[in-house]
> 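One structure, pasted below without further comment.
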Amino acid sequence: MSGDHGRGDSQVNSGSKGYDSHKHKDKHKEKEHKHKDHKKDKEREKIKHSNSEHKEYSERKHKDKEKPRHGDGSSEKHREKHKDKEKKREDKILSSQSDRPKKEKENGYVRERSPVAIKSEPEDDNGFYPSPKHNKATKRERDDDEEFEYKPKKVKVEHDKKAKKRKHEYEDDEEDEDTKHKKKTKDKKATEGKKAKKQEEEKWKWWEEERYTDGSKWRFLEHKGPVFAPPYEPLPDKVKFYYDGKPMKLSAPAEEVATFFAKMLDHEYTTKDIFRKNFYKDWRKEMTSEEKSVITDLNKCDFREMSEYFKAQSEARKQMSKEEKQKIKEENERILQEYGFCIMDNHKERIGNFRIEPPGLFRGRGDHPKMGMLKRRIRPEDIIINCSKDSKQPKPPPGTKWKEVRHDNKVTWLVSWTENIQGSIKYIMLNPSSRIKGEKDWQKYETARRLKKCVDRLRAQYRDDWKSKEMRIRQRAVALYFIDKLALRAGNEKEEGETADTVGCCSLRVEHIKLYPKMDEQEYVVEFDFLGKDSIRYYNKIPVEKRVFKNLQLFLENKQPEDDLFDRLNTSILNKHLQELMDGLTAKVFRTYNASITLQQQLKELTSPEDSIPAKILSYNRANRAVAILCNHQRAPPKTFEKSMQNLQTKIDEKQKQLSAARKQLKAAKADHKASHDEKSKKAVEVKRKAVQRIEEQLMKLQVQATDREENKQIALGTSKLNYLDPRISVAWCKKWDVPIEKIYNKTQREKFAWAIDMAEKDYEF
DNA sequence: CTTTACACTTAGTACGGCGTGC
DNA sequence: GCACGCCGTACTAAGTGTAAAG
């Protein structure tokens with residue numbers, strides 16, 4: 001598999017898969033064995049590697065091993081036997097080993113464990129805000145229902161007085177808040193020009209308002225419904241499909257599905273057996289009986305002319321005149337204005353995805369058993385609308401009707417439908433800048449902060465549990481250790497054959513880890529190698545504490561590679577346990593907590609006060625990167641990486657030449673000045689000095705950029721930035737070091753994190 | 001207890017538009 | 001004015017976690 005068209009291909013096709021598919025759990029369907037290349041894996045492997053302390057890296061150990069398969073059910077029995085054995089063993093387990101020191105290196109970064117031992121988790125330490133309690137609200141006593149208006153009034157644009165009052169408490173200088181506020185907005189307006197005239201110059205600060213505590217998400221919700229995919233336009237007659245070398249006119253439904261395939265012809269997908277098989281099966285369903293009888297072999301189908309046609313079309317689109325493009329843009333804008341917003345509780349809010357997913361062929365990630373299946377067209381009859389009773393309900397397209405219109409204010413979605421590949425439900429929800437998403441996000445970080453307060457206690461506890469005489473507790477404790485230390489995902493069970501074979505912590509199998517009692521200088525090394533979410537490979541070697549190691553050996557005893565490592569554990573057991581330790585605690589909170597605390601700490605460590613702004617930003621990116629590495633957020637190296645790196649290097653070289661030239665000139669000017677001592681030459685020296693300085697700065701900037709880019713080759717910063725890092729840490733850092741927030745967050749990100757930008761001061765501590 | 005349904009977050013990629021340097 | 005590379009954004013798959021159903 002070499003055809004590397006675009007990053008996506010390799011990702012989906014050949015990327016990141018190092019194994020046979022395994023049977024696990026109690027199902028034992030036979031699967032094909034495939035040999036795959038591991039180019040991408042190896043590249044990715046380097047990431048983890050270069051950031052862990054070991055220099056060398058060994059060959060992939062488990063490539064395409066042919067594993068003997070158990071006959072049906074045998075492994076099941078096998079498993080059961082184990083359980084008995086383990087049970088007996090549990091009683092014998094009694095261990096007493098000394099603990100190891102507290103500070104550890106993780107992925108090459110030192111992570112401090114906060115020394116504070118916390119007994120209880122008090123309420124939020126910030127008394128000023130309506131604190132985002134995690135939502136047990138439904139079960140809590142209600143008290144404030146009445147405060148809310150049930151009926152929509154006019155859409156408010158400015159925040160209300162109640163909020164202002166609270167804001168007062170927060171601002172340190174109390175003097176007339178109102179004038180200050182006005183002044184600010186006026187200034188802004190002046191600089192931004194007229195266009196932002198009526199716009200929400202007064203952005204609604206939902207974070208200064210009370211929140212629902214009864215589990216309801218809104219009181220009023222009105223929207224226009226979804227935008228449907230455009231109907232299928234049959235191909236012009238001149239574009240032909242050939243079967244067995246002969247042109248053949250297809251019925252519209254069959255033709256449409258054929259075009260989906262044709263559009264992907266360049267993609268490596270279409271060469272894959274599973275993809276072709278799935279596609280062909282679904283395609284046949286759309287054929288007339290006549291077509292079915294003629295078309296009996298996908299290999300005899302020739303879609304190339306269709307494919308060419310679409311290429312030409314997209315080429316033509318690129319070549320369109322300015323005016324035409326402008327027209328399309330305007331039309332899109334119109335649709336956005338009409339369908340892209342809703343009114344929720346008196347405020348106009350942006351909708352995230354108001355377009356229904358168009359039909360096409362399913363592209364799963366990794367080795368997905370359903371790749372190539374037809375994703376069917378969604379019709380109004382498939383759609384459930386959610387809105388408030390007293391709103392103007394969205395109208396279905398003429399001649400159609402909705403599947404259902406409901407009024408459920410316990411959920412946040414506006415539109416839903418059931419997708420046909422997995423049978424899962426898809427939703428239309430609000431944009432991340434919306435109140436409803438923002439509150440949840442804020443709350444997430446508050447939960448993580450509560451974890452911070454008791455994490456030492458929890459760590460002590462799970463270390464203790466490594467010694468438990470119950471197997472299930474030991475497993476739970478070791479799993480939790482991994483989740484904490486390595487920021488692994490929880491690892492829910494998945495239905496086999498429905499999705500790609502990927503795992504998280506609780507679903508790790510024996511084959512995913514290797515134990516090395518000794519490796520080079522280190523003792524008790526565990527090697528992880530598995531495919532995680534999106535079939536992204538996780539590869540890491542880490543030394544663990546002796547007790548963990550011994551436990552792992554124990555867990556592995558008498559198991560087959562495809563057996564679960566933690567056979568007495570699943571996510572719901574784990575989360576139930578966590579819930580008992582801290583209100584609102586689940587496995588994923590550890591990821592959020594460790595990500596955010598790592599950022600904060602790395603920022604502290606890496607930022608030098610005397611650094612220039614670009615250097616500080618580099619530090620920020622490095623801190624961000626530490627988190628991305630921790631969370632294993634990878635990306636395919638950009639296709640153009642090498643080239644763009646070279647370009648940058650050329651620029652640097654040029655700049656360097658410029659610099660030496662400028663320096664020479666400065667020298668000359670100085671000499672000149674020494675000789676003449678006149679005003680003019682003095683000025684000349686100053687000018688040259690400035691020039692040198694400017695070029696030095698430019699050079700520095702370029703070099704920083706190069707470093708940054710190189711380090712970022714295979715690492716995606718976006719995911720952690722958007723989902724794991726408490727934005728208040730970044731905001732505080734910007735304020736502390738006078739780095740403009742725009743250097744860290746782009747416009748969209750600033751909108752999403754408006755709450756944090758507004759509330760975090762430079763001394764904010766996660 | 002296990003399984004299923006549902007809601008919502010987290011994830012990487014495709015792609016178009018825009019700014020930049022010539 | 002044009003080519004090019006980069007960034008932002010749209011898209012949608014794939015996770016997590018809770019609650020209801022069996």
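Each chain gets a letter, A, B and so on, in the order the sequences are listed, and its residues count up from 1.
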> Would A/F279 and A/F261 count as a close aromatic pair, with their ring centres under 6.0 Å?
yes
> Is any side-chain nitrogen or oxygen of A/T586 closer than 4.0 Å to OP1 or OP2 of C/dG17?
yes
> It should be established whether A/N492 places a side-chain nitrogen or oxygen under 4.0 Å from OP1 or OP2 of nucleotide C/dG15.
no
> Is the shortest side-chain N/O distance from A/Y427 to OP1 or OP2 of B/dC6 below 4.0 Å?
no
> Check the phosphate of C/dT12 against A/K426, side-chain N and O only, distance under 4.0 Å to OP1 or OP2. Yes or no?
no
> Report yes if at least one side-chain N or O of A/K444 is closer than 4.0 Å to OP1 or OP2 of B/dC8; otherwise report no.
no
> So what does A/G718 hit on the nucleic acid, given a heavy-atom distance under 4.0 Å: a base, only sugar-phosphate, or nothing?
nothing
> Answer yes or no: does a side-chain N or O of A/R591 lie under 4.0 Å from OP1 or OP2 of C/dG15?
no
> Under 4.0 Å from OP1 or OP2 of C/dG15: is there any side-chain N or O of A/T502 that close?
yes
> With a 4.0 Å cut-off on heavy atoms, is A/A587 in touch with a base, just the backbone sugar-phosphate, or nothing at all?
sugar-phosphate
> Over 60° means perpendicular and under 30° means parallel, so classify the ring planes of A/F528 and A/F482, tilted if in between.
perpendicular
> Figure out the CE/P separation between A/M429 and B/dC8, and round it to whole Å.
5 Å
> Under 4.0 Å between a side-chain N/O of A/T719 and OP1 or OP2 of B/dG12, yes or no?
yes
> Nearest to the A/H267 side chain among C/dG15, B/dA14, B/dC6, which nucleotide is it?
B/dA14
> Give the rounded distance in Å between these two atoms: CD1 of A/I335 and P of C/dT9.
19 Å
> Indicate, with yes or no, if the rings of A/F362 and A/H368 have centres closer together than 6.0 Å.
yes
> Just call it for A/K533: base, sugar-phosphate, or nothing, with non-hydrogen atoms closer than 4.0 Å on any strand.
base
> Quickly, which of A/K327, A/K329, A/R334 forms a salt bridge (charged side-chain N to carboxylate O under 4.0 Å, His left out) with A/E331? Name it, please.
A/R334
> Counting only side-chain nitrogens and oxygens, does A/H633 get under 4.0 Å of the OP1 or OP2 atom of B/dT10?
no
> I'd like a list of close polar pairs between nucleotides 17-19 of chain B and the protein, N/O only, cut-off under 3.5 Å.
{"unit_1": "B/dC18", "atom_1": "OP1", "unit_2": "A/K329", "atom_2": "NZ", "d": "2.7"}

